[in-house]
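Just below is one structure, and these are the notes that go with it.
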Protein chains: 2
Amino acid sequence: MKRSDEAPVDSIDRAILDRLTVDARATFGQIGAAVGLSAPAVKRRIDKLEETGIIRGYTAVVDHSRLDRPLEAFTELRFTGDARVDEIAAIGEGIPEVEAVFTMAGDPDALVWLRVRDVRDLKRVVDRLRGSGQVAGTKTMMVLGATTFPSTLSP
Amino acid sequence: MKRSDEAPVDSIDRAILDRLTVDARATFGQIGAAVGLSAPAVKRRIDKLEETGIIRGYTAVVDHSRLDRPLEAFTELRFTGDARVDEIAAIGEGIPEVEAVFTMAGDPDALVWLRVRDVRDLKRVVDRLRGSGQVAGTKTMMVLGATTFPSTLSP
DNA sequence: TATGAAAGGTTGGCCGC
DNA sequence: GCGGCCAACCTTTCATA
């Protein structure tokens, strides 16, 4: 494995990450104008941030409430005592309705963020989670509304 | 306000959203090659998806565990009976450590996703949430690990 | 929607600090 | 090592059909 060693993320890198967080489709020139660097210099820094894994990728922020999976929910999972944390984290594998799995310290063991078509769909997904073996219990909560914040790095 | 009416998101739009979800920096030509359209045709569709608000924006996926806020937590909030849901949703305003606020049906009233520097920082942020007035109680859980899934739209 | 041409963005090489 | 500059190439964007 590559020694992707010291990732010396300096204040300019932080400013670049900040810009990409706000608009991942900004051009190198636009980012450069914001951080005081030329476009090629910005490209080289971004290439390095991608190589070292600081930048994992780029994604569109989509309004799912107006698409085919308008319903959001969180399901708390409790596992049997023999389940390892890595096994718990893997429970979302292959279930497209699972947006994210957070393994937790304490109770519950995991928090699963779901996006589903309707309540019937939710029932199906929860049953699938429950049937994964090692799941001792679940508690599902419906989301009324979600507000996400653009993860500013600056403060 | 503009009546950005019927948003007829067809299967090609869905394929475009799918591509942008996986790589928001893909060129129109690359997306066109994937969905079977010319670059200008892809641009017009994306412009419309942005105008109608189906696409809210584009963001970089950053590995925060290797930056300045490596610790994640969820805080459940319980509010006093006179709090309206919109007021509850606004509790994250102006707190940069708040990644998202989910208002919930049932108990708790809200789930707040936090990203902080360390436990001391977590304490400060939770105290700030508690001091927002109308908060009747909190329960904070630490995240051991998070796995997010690339939100595939297709299946 | 496609085409084609002008404008603008990306990217690699080279030089200087 | 890191940034600026330049030039070739690719992409975007707009007119037009």
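Convention: sequence-line order gives letters A, B, ...; per-chain numbering from 1.
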To the side chain of [X], which of [options] is closest?
| X | options | result |
| --- | --- | --- |
| B:Arg44 | C:dA2, D:dC2, D:dC5 | C:dA2 |
| A:Pro40 | D:dT11, C:dT10, C:dT11 | C:dT11 |
| A:Thr27 | D:dT11, C:dT10, D:dG3 | C:dT10 |
| A:Arg25 | D:dT12, C:dT11, D:dC2 | D:dT12 |

message: Is it true that A:Thr75 and A:Thr140 share a donor-acceptor pair across their side chains at a distance under 3.5 Å?
response: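 Distance-only check passes for A:Thr140 and A:Thr75.
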For [X] and [N], what is the distance between atoms [atom1] and [atom2] respectively, to the nearest whole Å?
| X | N | atom1 | atom2 | result |
| --- | --- | --- | --- | --- |
| B:Lys48 | D:dT13 | NZ | P | 17 Å |
| B:Leu37 | D:dT11 | CG | C1' | 16 Å |
| A:Ile46 | D:dG3 | CD1 | P | 12 Å |
| A:Asp10 | D:dG1 | CG | P | 15 Å |
| A:Phe28 | C:dT10 | CZ | C1' | 7 Å |
| A:Asp47 | C:dG9 | CG | C1' | 15 Å |
| B:Lys43 | C:dG8 | NZ | C1' | 13 Å |
| B:Arg45 | C:dA2 | CZ | C1' | 14 Å |

field: Sidechain N-carboxylate O distance under 4.0 Å for B:Arg78, B:Asp109
entry: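 No.
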query: Any side-chain N or O of A:Ser38 under 4.0 Å from OP1/OP2 of D:dG3?
result: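 Looking at the OP1 and OP2 atoms of D:dG3, neither is under 4.0 Å from any side-chain N or O of A:Ser38.
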task: Look only at the side chain of B:Ser132 and the backbone of B:Ile91, and say whether a donor-acceptor pair between them is shorter than 3.5 Å.
output: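 It does not hold such a pair.
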message: Quick check: on DNA chain D, is the nucleotide nearest B:Ala39 upstream (toward 5') of the one nearest A:Ala41, or the reverse? Name the residue that is more 5'.
response: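 The residue whose closest nucleotide sits nearer the 5' end is A:Ala41.
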- prompt: With a cut-off of 6.0 Å (strictly less than), are more than 12 heavy atoms of other residues, nucleotides or ligands near NZ of B:Lys139?
  reply: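 Atom NZ in B:Lys139 is packed in, count exceeds 12.
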- prompt: Given B:Glu97, which of B:Arg115, B:Arg117, B:Arg124 fulfils the salt bridge (charged side-chain N to carboxylate O under 4.0 Å, His left out) condition?
  reply: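 The passing option is B:Arg124.
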